[in-house]
Amino acid sequence: MLDDTLRRTMLFDFFGELLTEKQREYFDLHYNEDLSLAEIAQQHGVTRQGVWDIIKRAETTLLETEEKTGLIRKYEERRELIARTSDELCLLRDMTNGKARELTDLIHERLEELKNL
């Protein structure tokens with residue numbers, strides 16, 4: 001399972017465009033740029049509570065979107081499956097030679113491409 005920081009970052013990366021401009025900006029400043037609520041509030045001439053409310057609404061939107069779509073969960077599952085398959089392929093590669101080894105190398109390259117998509 002992802003830690004909170006990584007999870008928020010992934011939520012923002014996957015679904016950030018669904019937020020309002022202000023939600024995106026405050027969320028990014030607080031979680032990605034590590035600015036305090038007070039710093040954001042001062043920059044934008046609002047209260048800390050106002051900043052916090054906007055960030056919490058943004059986070060709620062992101063979490064609800066993930067609950068409905070499951071995109072991050074599916075992404076994590078796919079990456080785990082690719083990693084396990086790659087490990088198993090490495091074991092198979094060590095037991096083969098010739099054309100079979102070439103084929104395992106090719107499949108391993110394709111798995112790496114999938115991992116980076």
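- In this structure, CD on E64 lies 11.5 Å from CG on L18, to the nearest 0.5 angstrom.
- In this structure, L6 is a member of the same hydrophobic cluster as I55, with clusters built from ILVMFWY side-chain heavy atoms closer than 4.5 Å.
- Salt bridge E77/R73: present, at least one basic N to carboxylate O contact under 4.0 Å.
- In this structure the side chain of L62 never reaches within 4.5 angstrom of the side chain of T65, judged on heavy atoms.
- For the pair E33 (side chain) and D28 (backbone), a donor-acceptor distance under 3.5 Å is absent.
- With respect to the salt-bridge test (charged N to carboxylate O, under 4.0 angstrom), the residues K115 and E112 qualify.
- Under 4.0 Å is where a charged nitrogen must lie from a carboxylate oxygen, and between E59 and K56 at least one such pair does.
- Not one N or O on the side chain of S86 forms a donor-acceptor pair closer than 3.5 Å with the backbone of A83.
- L19 and R24 make their closest contact through O-NH1, 2.7 Å (heavy atoms, listed as atom of the first residue, atom of the second, distance).
- Note that CG of L63 is 10.0 Å distant from CZ of F15, once rounded to the nearest 0.5 Å.
- Few gaps surround CZ on R101; more than 12 heavy atoms of other groups in view lie less than 6.0 Å from it.
- Rounding to the nearest 0.5 Å places CG of D34 at 8.5 Å from CD of E39.
- Distance alone, capped at 3.5 Å, is enough to place a donor-acceptor pair between the E66 side chain and the L71 backbone.
- Y31 and F12 have their aromatic ring centers separated by at least 6.0 angstrom.
- Contact annotation: the side chain of R78 approaches that of K74 to within less than 4.5 Å [non-hydrogen atoms, C-beta and beyond].
- Considering only heavy atoms from C-beta on, I54 stays 4.5 Å or farther from F27 through its side chain.
- Contact check for E102 versus L106: no side-chain heavy atoms found under the 4.5 Å cut-off.
- Among all heavy-atom pairs drawn from L111 and I82, the shortest one is O-CG2, 3.6 Å.
- Linking ILVMFWY residues whenever their side-chain heavy atoms come closer than 4.5 Å, directly or via other members, leaves M10 and L81 in distinct clusters.
- Between K22 and H44 there is no side-chain heavy-atom pair separated by less than 4.5 Å.
- In this structure, the side chain of Q23 engages the main chain of T20 through a donor-acceptor pair within 3.5 Å.
- The same ILVMFWY cluster, assembled from side-chain heavy atoms under 4.5 Å apart, contains both M95 and I107.
- Looking at every heavy atom in both residues, L35 comes nearest to I40 through CB-CG1, 3.9 Å.
- Pairs engaging residues 56-112 under the ring pair (Phe, Tyr, Trp, His ring centres under 6.0 Å) rule: F14-Y75 [sequence neighbours left out].
- Of the inter-residue distances, the one linking N32 atom CG with R8 atom CZ reads 10.5 Å to the nearest 0.5 angstrom.
- Pairs engaging residues 88-98 under the side chain to side chain donor-acceptor pair (under 3.5 Å) rule: R93-D105 [sequence neighbours left out].
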